[in-house]
2 protein chains.
Amino acid sequence: MEIRRADHIAKTLEEQIFNGTFANGERLDEVRLAERFGVSRTPLREAFQKLALSGLVEQIPRRGVFVRQPGPVELIEMFEVMAELEAVCGRLAAVRISDAALAELREANARCLATVAAHDADAYYWENERFHQIIYRESGNSFLEQETLSLHNRLKPFRRAQLRLRGRMDQSMTEHEEIMDALSAGDAERAAASLRSHVAVQGEKFHHLLASLKPSVA
Amino acid sequence: MEIRRADHIAKTLEEQIFNGTFANGERLDEVRLAERFGVSRTPLREAFQKLALSGLVEQIPRRGVFVRQPGPVELIEMFEVMAELEAVCGRLAAVRISDAALAELREANARCLATVAAHDADAYYWENERFHQIIYRESGNSFLEQETLSLHNRLKPFRRAQLRLRGRMDQSMTEHEEIMDALSAGDAERAAASLRSHVAVQGEKFHHLLASLKPSVA
DNA sequence: GTCAAGTATGTTGTATACAAGGTGTGACGT
DNA sequence: ACGTCACACCTTGTATACAACATACTTGAC
């Protein structure tokens, strides 16, 4: 099944890092992990390189690889960039989106509403993701779509955390309506602005969450 | 000297791919390149992975790695994203830039002017790069700075090509002036717009260049 | 007693040997 | 003559062996 074990290892390690299996500055021992996965060091090192390029671990020559959870400031920076990328997607999509995609978007938004009514946070998470991914796609720029999706995935675990805050889902839905309106009207600037603030508010919520957890770090 | 030969190989291969040493769909033979670099396949494969993650080559399991020059549409997409990223940097920099950095920017622009007066395209290229990198830095968002720089580097060879077009350097300088004005005034939207069009015009020029070379592709 | 230097041990980086899969060619059958 | 199946060779993916470097501990000298 797994033609390339290195890829599978990379994915597994990525999940485990996300799930907090490893502490922040922890060194990933090649031989220990190799025997844990039942493979040799070779595919493991390949997996390490992928993770290093993704920014999840840091490779220091002749020293080893260390898991590198992004700090508070870096996370805020990433959320800021995410907001801007989505804004760009929105601006482009406003003038490029097809009628079919608009209908698709409306449908996705309706499903979001349903999950909010059902207070199903997990389901909302997935439907919301679909809503945004349609916008990425309708930017009409595959490269932009890929880059935005990549950052989106990288922020996944942190985005998920802030969703549990009180009333966030309802607020999010009204923002979705505004976004839909702007896109339907083909108003590029309004679409960009509404998407930017929609995502930026996620970053701020996350910031608050973070500050409430560790008041010393802020 | 070179602690990590794999890194050196990756850089060398990257240059050679840029310089057109390899044809577009060409397969990179591991053993042949290994003996050509005087190393074993191991560091070469590590180099391949880096290049694959950078998008310069494509790795097909059990088939090998193939050099993957971006096609016309992908290049246009990348230029579009580049324009938007620079616009974002500009918008943020307009409200975050320090007086010292503004002076630095003015100086860099002055050096650009000097190289234009001297008709030194190569020197202009470097000074122009410095001008833009200051703006990336002054966005006050290191993550954004890195991402923007990364795409900038990836577009380097193509940006260089369009610079040789008639009158491009003079036009570019007047655009720089507009950008400087907006940043000095702290006008975020004007900075964003001027930077966007400044870079977008590069993409268009490149598009023209491309169309004039291969009329069949467009 | 403390600091420094040397050695030993452990870990990373590289080379080579081995295994598994894919492709191409040739032969045989229709 | 053309198509299909089988075998051989070539290439990639993985394991293991080896070398270089870094770190830590011990020993000796001041």
Side-chain angles (χ1 to χ4, degrees), chain A residues 1-18 20-70 150, chain B residues 1-18 20-70 150:
Chain A
M1 335 306 183
E2 289 300 336
I3 308 295
R4 251 189 165 173
R5 294 188 249 223
D7 291 351
H8 179 238
I9 290 169
K11 249 181 44 182
T12 307
L13 277 179
E14 188 179 322
E15 286 177 9
Q16 297 199 354
I17 289 175
F18 278 159
T21 308
F22 301 102
N24 189 0
E26 186 176 349
R27 188 176 70 90
L28 295 178
D29 191 298
E30 291 187 357
V31 297
R32 191 176 298 277
L33 282 175
E35 68 182 30
R36 181 164 145 192
F37 280 103
V39 297
S40 77
R41 284 174 50 220
T42 311
L44 236 154
R45 287 176 59 83
E46 297 203 354
F48 281 169
Q49 297 216 350
K50 288 206 170 187
L51 297 179
L53 267 289
S54 301
L56 281 93
V57 302
E58 191 174 6
Q59 248 177 337
I60 303 177
R62 291 282 183 196
R63 300 286 295 271
V65 305
F66 302 83
V67 317
R68 181 169 129 45
Q69 302 278 22
S150 167
Chain B
M1 333 313 173
E2 288 300 338
I3 306 297
R4 239 187 151 143
R5 295 187 247 223
D7 292 350
H8 179 239
I9 290 169
K11 249 181 46 182
T12 307
L13 276 180
E14 187 179 323
E15 286 177 8
Q16 297 198 355
I17 289 175
F18 278 160
T21 307
F22 301 101
N24 189 0
E26 187 176 349
R27 188 175 71 89
L28 295 177
D29 191 298
E30 291 186 358
V31 297
R32 191 177 298 277
L33 283 174
E35 68 182 30
R36 180 164 146 194
F37 280 103
V39 298
S40 78
R41 284 172 50 217
T42 311
L44 235 153
R45 286 175 60 82
E46 297 203 353
F48 280 169
Q49 297 217 348
K50 288 204 170 190
L51 297 179
L53 267 288
S54 302
L56 279 94
V57 302
E58 191 175 6
Q59 248 177 336
I60 302 176
R62 291 282 182 196
R63 298 287 295 271
V65 304
F66 301 83
V67 317
R68 179 169 131 48
Q69 303 277 21
S150 166

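Keep in mind that this is a model prediction, so the values were computed, not measured. Residue numbers begin at 1 in each chain, while the letters A, B, ... track the order of the sequences.
- As a whole-Å value, the separation of A:E35 CD from D:dT14 C1' is 17 Å.
- The listed nucleotides are C:dG13, D:dT11, C:dA20; the one nearest the side chain of A:R62 is C:dG13.
- Taking atom CG on B:D29 and atom P on D:dC10, their separation rounds to 12 Å, with Å as the unit.
- Residue A:V31 is out of contact with every strand shown, counting any heavy-atom pair closer than 4.0 Å.
- Side-chain atoms of A:K50 and A:L56, non-hydrogen and from C-beta on, never get closer than 4.5 Å to each other.
- A distance of 11.5 Å separates CD1 in B:I9 from CZ in B:R36, rounded to the nearest 0.5 Å.
- Contacts between residues 40-52 of chain B and DNA chain D, counted as heavy-atom distances below 4.0 Å, involve B:R41, B:R45.
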Task: Criterion side-chain contact (heavy atoms from CB on, under 4.5 Å) on B:I17 and B:Q69, from CA distance to verdict - done: CA-CA 8 Å; B:I17 289 175; B:Q69 303 277 21; 4.2 Å; yes
Task: Canonical and wobble pairing (Watson-Crick, G-U, under 3.5 Å) of DNA chain D, dot-bracket with | - done: ||||||||||||||||||||||||||||||
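- The CG atom of B:L44 lies 9.0 Å from the CG atom of B:L28; values are rounded to the nearest 0.5 Å.
- Rounded to an integer number of Å, the gap from B:Q59 CD to D:dG13 P is 7 Å.
- As a whole-Å value, the separation of B:F66 CZ from D:dT11 C1' is 11 Å.
- Note that CZ of A:R27 and CD1 of A:I60 are 11.0 Å apart. Values are rounded to the nearest 0.5 Å.
- The distance from atom NE2 of A:H8 to atom P of D:dG13 is 17 Å, rounded to the nearest whole Å.
- A straight line from CG of B:L28 to P of D:dT11 spans 13 Å, rounded to a whole angstrom.
- Contact check for B:Q59 versus B:V57: no side-chain heavy atoms found under the 4.5 Å cut-off.
- To the nearest 0.5 Å, atom CG of residue B:L13 and atom CZ of residue B:F37 are 4.0 Å apart.
- The residue A:R27 sits close only to the backbone: its heavy atoms come under 4.0 Å of sugar-phosphate atoms, none of a base.
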TODO: Carefully, step by step, assess A:F48 and A:L33 under the rule side-chain contact (heavy atoms from CB on, under 4.5 Å).
DONE: CA-CA 11 Å; A:F48 281 169; A:L33 282 175; 4.0 Å; yes
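- Rounded to an integer number of Å, the gap from A:E30 CD to D:dA15 P is 13 Å.
- When rounded to the nearest whole Å, the span between CZ of B:R32 and P of D:dT11 equals 8 Å.
- Remark: A:R63 is in phosphate contact with D:dT23, judged by side-chain N or O atoms under 4.0 Å from OP1 or OP2.
- Nearest heavy-atom pair across A:A34 and A:R41 is CB-N, 4.2 Å.
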